[in-house]
K.L.:
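Okay, here's the structure, questions in a sec.
The model shown is predicted, which means the values in this text are computed figures rather than measured ones. So that the names make sense, note that chain A is the first sequence line, chain B the second, and so on, each numbered from 1. Computed over heavy atoms, backbone and side chain alike; hydrogens, waters and symmetry mates excluded.
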Amino acid sequence: MAQDPQDLNQVLRARREKLAAIRGKGIQPFAYSFDVTATSAQSVASFEEAEKAGRLGADGQGAGTALGGRIVAWRDMGKSVFAHVEDRAGRIQLYFKKDVVGPEAFDRLTLLDLGDWIGVEGTTFRTKTGEVTVRVTAWALLTKSLRPLPLGKVETDVASGERVIHSGFADQEARYRQRYADLAVHPDVREVFRTRARVVTELRRFLDGEGFLEVETPVLQPLYGGASAKPFVTKHNALDQTMYLRIADELYLKRLIVGGLDRVYEMSKDFRNEGLSPRHNPEFTMLEWYQAFTDYHAQMDLSERMLLHVLDHVLGRRALTCFGHEIEFRPPFPRVRFMDAVSEGLGTEVHALDDKQLRAHAERLRVPDLKGAGRGKLLDKLFSALVEPRLVQPTFVIDHPKELSPLAKEHRGDPRLTERFEMYIAGTEVFNGFSELNDPLDQRARFEAQAGLRAAGDEEAQQIDEDYLRALEYGMPPTGGVGMGVDRLVMAITNQPSIRDVLLFPVLRTEE
RNA sequence: GACCCGGUAGCUCAGCUGGUAGAGCAACGGACUUUUAAUCCGUAGGCCGUGGGUUCGAGACCCACCCGGGUCACCA
């Protein structure tokens with residue numbers, strides 16, 4: 001970053017010159033605090049209240065207010081200035097009049113720029129164009145901005161009343177890298193993250209209300225497991241030991257069920273060393289919960305209730321537009337069996353096909369990357385190609401093949417299947433749960449089958465976790481468990497097509 | 001990892017079959033005491049992603065690389 005004034009472009013240089021001029025007048029350009037009495041929205045609301053009650057002052061003045069905000073628009077009229085400042089509650093117009101603030105304070109306005117933080121005191125009134133505005137009696141610079149924000153001009157369309165942004169900050173790379181600037185100039189981006197916070201709060205509130213205990217399990221693990229994925233590898237120096245960043249919470253949470261903490265959940269980051277995409281960030285937020293004495297049927301009901309709880313409390317409605325689809329959440333969501341769905345997509349009964357025939361179908365459908373795929377992977381790929389895109393309305397897919405689900409309990413009615421479900425919204429898997437496998441001998445056999453796949457070159461196959469098997473030998477009660485991709489749920493609720501748009505700081509390659 | 005598209009002023013973008021780098025906004029100077037993308041007059045602002053090549057001449061054409069976006073693949 002260039003610090004020599006000679007190297008700065010004229011825009012940056014002009015701001016530093018103003019900074020020097022401000023200091024030259026004995027003004028501290030980076031203030032320590034400001035006593036705010038109201039937000040922009042509160043100031044407007046209390047004016048409108050007084051107006052409605054006929055309590056306005058002689059010349060139409062509302063109550064006094066003191067607020068702080070960032071200057072986002074500036075219209076200099078000579079001996080009066082109109083500006084807008086933005087705070088956490090919105091934006092409000094300021095009116096500086098030379099007669100009112102006094103000549104000295106008025107002339108000092110020339111030292112301000114878009115992006116500066118200021119504090120103002122004044123009284124509210126309504127301009128002849130109808131906008132509630134602060135007539136400023138005194139103002140103070142709170143923070144001088146030395147770098148111009150990429151603010152767009154905002155116009156309110158007279159016909160529709162909608163705000164139109166005329167030029168702005170459109171470079172996606174710059175927006176992700178400089179999220180602070182993106183947030184500063186895009187109120188709608190701030191709103192996405194407010195919504196995200198409300199979703200997270202409601203998820204916790206729901207589970208807490210159901211008697212779950214929130215716990216924290218290791219992120220740094222000597223052995224990773226609980227999902228099929230490649231891990232990040234690191235090293236603990238003092239122990240001289242390889243550690244992995246967790247790819248799932250599952251195996252630790254189920255150890256807690258063994259220990260008698262029989263309703264637990266954890267919401268936290270998982271890490272998977274895989275490619276980036278609009279749906280994948282190497283670190284992402286997962287919510288997992290486990291509830292003793294329940295099976296996957298109970299967990300589908302719970303998942304459904306949880307989703308509706310979040311929608312009711314965050315959006316206040318059970319319908320939304322997501323990626324161009326109108327989605328309605330009307331319980332109970334349809335449940336379709338995995339094998340039935342694939343059979344229907346394929347037009348033939350899948351159970352009747354051997355691996356070779358399955359592969360032939362997959363090749364015919366040009367399903368990519370088939371080499372080394374066993375029966376489970378073939379079925380999974382066929383499902384992804386044939387069924388997944390069609391699952392627009394919330395739908396449970398249930399009873400997955402055993403090969404795909406090494407931690408799920410065998411289906412009580414069909415040994416080829418497991419008691420598992422995935423809930424899809426807008427073609428995306430959001431929930432994944434099952435009746436947890438609690439037979440330590442069966443679990444060992446499944447781990448061994450995974451080890452076989454691993455030896456055959458499947459880098460994502462799971463490893464044998466002896467400590468987890470020891471825990472199961474002590475006895476885990478029948479348990480239903482679910483994992484949910486929090487980022488994806490937020491994507492659906494906020495209608496953001498890329499996971500990067502719901503992560504404040506998505507992973508990017510290092511700058512320069 | 002593969003393919004497609006892109007990188008030009010602080011921001012958003014234009015730049016024709018190769019011929020001395022442009023606009024709007026922002027900035028700077030000036031006018032204007034109820035404006036709404038305020039307006040008007042004037043000024044300044046560029047390693048055209050990086051490195052090579054072709055050419056009398058490259059922002060443009062060729063090669064390599066860097067960075068990003070999108071699509072696919074893997075997963076959630």
Side-chain angles (χ1 to χ4, degrees), chain A residues 8-15 17-18 60 73-84 93-101 106 110 113-115 125-131 133 135 147-158 163-177 181 185 226-230 247-248 270-288 366-370 373 377 380-381 384-385 422-424 428-432 458-460 483-489 491 497-500 508-512:
Chain A
L8 299 174
N9 70 48
Q10 63 165 5
V11 181
L12 297 181
R13 208 159 47 225
R15 297 238 172 162
E17 282 161 8
K18 283 185 188 176
W74 193 263
R75 294 180 293 283
D76 186 340
M77 305 289 296
K79 295 193 179 62
S80 68
V81 168
F82 285 90
H84 277 94
Q93 180 165 259
L94 307 179
Y95 177 51
F96 296 91
K97 198 174 171 189
K98 194 164 186 172
D99 297 347
V100 175
V101 288
F106 189 84
T110 58
D113 288 296
L114 295 180
F125 74 109
R126 197 180 280 282
T127 63
K128 74 177 181 192
T129 51
E131 182 164 346
T133 299
R135 184 190 305 266
R147 182 174 291 273
L149 280 171
L151 284 161
K153 290 221 165 181
V154 177
E155 178 185 30
T156 306
D157 187 273
V158 184
R163 278 168 64 179
V164 184
I165 293 180
H166 284 274
S167 68
F169 189 38
D171 182 324
Q172 280 298 332
E173 174 187 355
R175 290 178 59 185
Y176 294 141
R177 284 195 193 283
V185 304
S228 304
K230 283 177 236 167
I247 59 171
D270 286 349
F271 305 85
R272 298 191 183 173
N273 209 338
E274 291 163 351
L276 288 77
S277 88
R279 285 183 180 172
H280 300 88
N281 194 67
E283 59 176 302
F284 63 99
T285 302
M286 177 86 120
L287 170 63
E288 289 191 33
R366 296 157 167 260
V367 173
D369 203 19
L370 287 171
K377 258 208 161 125
D380 194 34
K381 284 181 179 293
S384 298
E422 295 177 306
M423 191 210 292
Y424 284 81
T428 301
E429 180 197 339
V430 180
F431 292 74
N432 175 27
D458 184 348
E459 286 181 85
E460 293 179 353
M484 192 205 62
V486 173
D487 311 286
R488 288 189 175 175
L489 178 63
M491 284 167 67
S498 171
I499 194 169
R500 294 175 164 195
L508 298 172
R509 207 180 289 269
T510 313
E511 222 171 340
E512 273 137 357

K.L.:
Taking the same atom, P, in B/G22 and in B/C48, what whole-Å distance lies between them?
P.N.:
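Per the computed distance, 14 Å lies between those P atoms.
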K.L.:
Heavy atoms from C-beta onward define the side chain here; which of B/A27, B/U34, B/U12 lies closest to that of A/Ala14?
P.N.:
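Ranking B/A27, B/U34, B/U12 by closest atom to the A/Ala14 side chain puts B/A27 first.
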K.L.:
Does any N or O donor sit under 3.5 Å from an N or O acceptor when you compare the side chain of A/Thr127 with the base of B/U35?
P.N.:
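Yes, a donor-acceptor pair under 3.5 Å.
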K.L.:
Out of B/U33, B/G70, B/U35, which nucleotide sits closest to the side chain of A/Asp99?
P.N.:
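Nucleotide nearest to A/Asp99's side chain: B/U33.
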K.L.:
State whether A/Arg177 places a side-chain N or O below 4.0 Å from either non-bridging phosphate oxygen (OP1 or OP2) of B/G68.
P.N.:
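Yes, A/Arg177 has a side-chain N/O under 4.0 Å of OP1/OP2 on B/G68.
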K.L.:
Of all the choices, B/C32, B/A27, B/U33, which nucleotide is nearest to the side chain of A/Asp76 once you look at every atom?
P.N.:
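The nucleotide sitting nearest to the side chain is B/C32.
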K.L.:
Rounded to whole angstrom units, what separation is found between the CG atom of A/Leu114 and the P atom of B/C25?
P.N.:
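In whole Å, B/C25 P lies 14 Å from A/Leu114 CG.
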K.L.:
For A/Ala83 and A/Thr110, take the nucleotide of RNA chain B holding the closest heavy atom to each; which residue's nucleotide lies nearer the 5' end?
P.N.:
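By nearest-heavy-atom nucleotide position, the 5'-most residue is A/Thr110.
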K.L.:
Expressed in angstrom and rounded to an integer, what is the separation of A/Leu94 atom CG from B/A38 atom C1'?
P.N.:
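Distance, rounded to whole Å: 16 Å.
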K.L.:
With both distances under 3.5 Å as the test, what is the Watson-Crick or G-U wobble partner of B/A21?
P.N.:
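B/A21 is paired with nothing.
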K.L.:
When you compare B/A44 with B/C32, how far apart are their C1' atoms, in angstrom units rounded to a whole number?
P.N.:
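Roughly 23 Å separates the two C1' atoms.
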K.L.:
Just to confirm, is there a sub-4.0 Å distance from OP1 or OP2 of B/U35 to any side-chain nitrogen or oxygen of A/Lys128?
P.N.:
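So the side chain of A/Lys128 is within the cut-off, an N or O lying under 4.0 Å from OP1 or OP2 of B/U35.
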K.L.:
Which base, if any, makes a Watson-Crick or G-U wobble pair with B/U71, both distances under 3.5 Å?
P.N.:
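Answer to the pairing question: B/A2, which forms a Watson-Crick or G-U pair with B/U71.
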K.L.:
Can you measure A/Tyr176 atom OH to B/G68 atom P for me and round it to whole angstrom units?
P.N.:
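To the nearest whole Å, that distance equals 12 Å.
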K.L.:
Counting side-chain heavy atoms from CB outward, which of B/U33, B/C28, B/U35 is closest to A/Lys18?
P.N.:
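Ranking B/U33, B/C28, B/U35 by closest atom to the A/Lys18 side chain puts B/C28 first.
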K.L.:
Give a yes-or-no answer on whether the side chains of A/Gln93 and A/Tyr95 include a donor-acceptor pair shorter than 3.5 Å.
P.N.:
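Absent: no donor and acceptor within the cut-off.
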K.L.:
From A/Glu429 CD over to A/Met423 CE, what is the distance, rounded to the nearest 0.5 angstrom?
P.N.:
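That separation rounds to 11.0 Å.
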K.L.:
For the side chain of A/Lys79, starting at C-beta, report the closest nucleotide among B/G68, B/U33, B/U35.
P.N.:
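Selected nucleotide (nearest to the side chain): B/U33.
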K.L.:
Check the distance between B/A38's C1' and A/Gln93's CD and give it to me in whole angstrom.
P.N.:
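Going from A/Gln93 (CD) to B/A38 (C1'), I get 11 Å.
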K.L.:
Identify which nucleotide among B/A27, B/C11, B/U35 has an atom closest to any side-chain atom of A/Phe82, counting heavy atoms from C-beta outward.
P.N.:
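Output: B/U35.
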K.L.:
Provide, to the nearest angstrom, the distance between the CZ atom belonging to A/Arg147 and the P atom belonging to B/G10.
P.N.:
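From A/Arg147 CZ to B/G10 P: 11 Å.
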K.L.:
What distance, rounded to whole Å, do you find between the two P atoms, one in B/G59 and one in B/U54?
P.N.:
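Roughly 16 Å separates the two P atoms.
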K.L.:
When the P atoms of B/A26 and B/C41 are considered, how many whole Å apart are they?
P.N.:
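Each nucleotide's P atom is 14 Å from the other's.
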K.L.:
Using a 4.0 Å heavy-atom cut-off across all strands, classify A/Asn281 as base, sugar-phosphate, or nothing.
P.N.:
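Result for A/Asn281 = base.
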K.L.:
Which nucleotide sits closest to the side chain of A/Pro278: B/U71, B/U34, B/A26?
P.N.:
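Looking only at heavy atoms from C-beta outward on A/Pro278, the closest nucleotide is B/U71.
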K.L.:
Can you run down the salt bridge (Lys or Arg N to Asp or Glu O under 4.0 Å) pairs that involve residues 274-284 of chain A, sequence neighbours left out, and say none if there aren't any?
P.N.:
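Non-adjacent pairs meeting salt bridge (Lys or Arg N to Asp or Glu O under 4.0 Å): A/Lys269-A/Glu283.
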K.L.:
Is there a side-chain contact between A/Arg75 and the phosphate of B/A38, meaning an N or O under 4.0 Å from OP1 or OP2?
P.N.:
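A/Arg75 to B/A38 OP1/OP2: side-chain N or O found under 4.0 Å.
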K.L.:
Any donor-acceptor pair, under 3.5 Å, between the side chain of A/Arg135 and the base of B/U34, if you only look at N and O atoms?
P.N.:
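Yes.
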K.L.:
Considering only atom C1', compute the distance from B/A23 to B/U8 and round it to an integer number of Å.
P.N.:
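Nearest-Å result for B/A23 against B/U8 at atom C1': 13 Å.
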K.L.:
Could you measure between the two P atoms, the one in B/C62 and the one in B/C5, and give it in whole Å?
P.N.:
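Approximately 12 Å lies between the P atom of B/C62 and that of B/C5.
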K.L.:
A/Asp113 has a side chain; which of B/C28, B/U33, B/U34 sits nearest to it?
P.N.:
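Among the listed nucleotides, the one closest to the side chain of A/Asp113 is B/C28.
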K.L.:
Could you give the CG-to-P distance, from A/Leu12 to B/A26, as a whole number of Å?
P.N.:
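Rounded to the whole Å, the gap is 17 Å.
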K.L.:
In whole angstrom, what separates A/Leu276's CG from B/G70's P?
P.N.:
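Distance, rounded to whole Å: 10 Å.
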K.L.:
Separation of A/Glu274 atom CD from B/C72 atom C1', in whole Å?
P.N.:
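Checked: the CD to C1' distance equals 15 Å.
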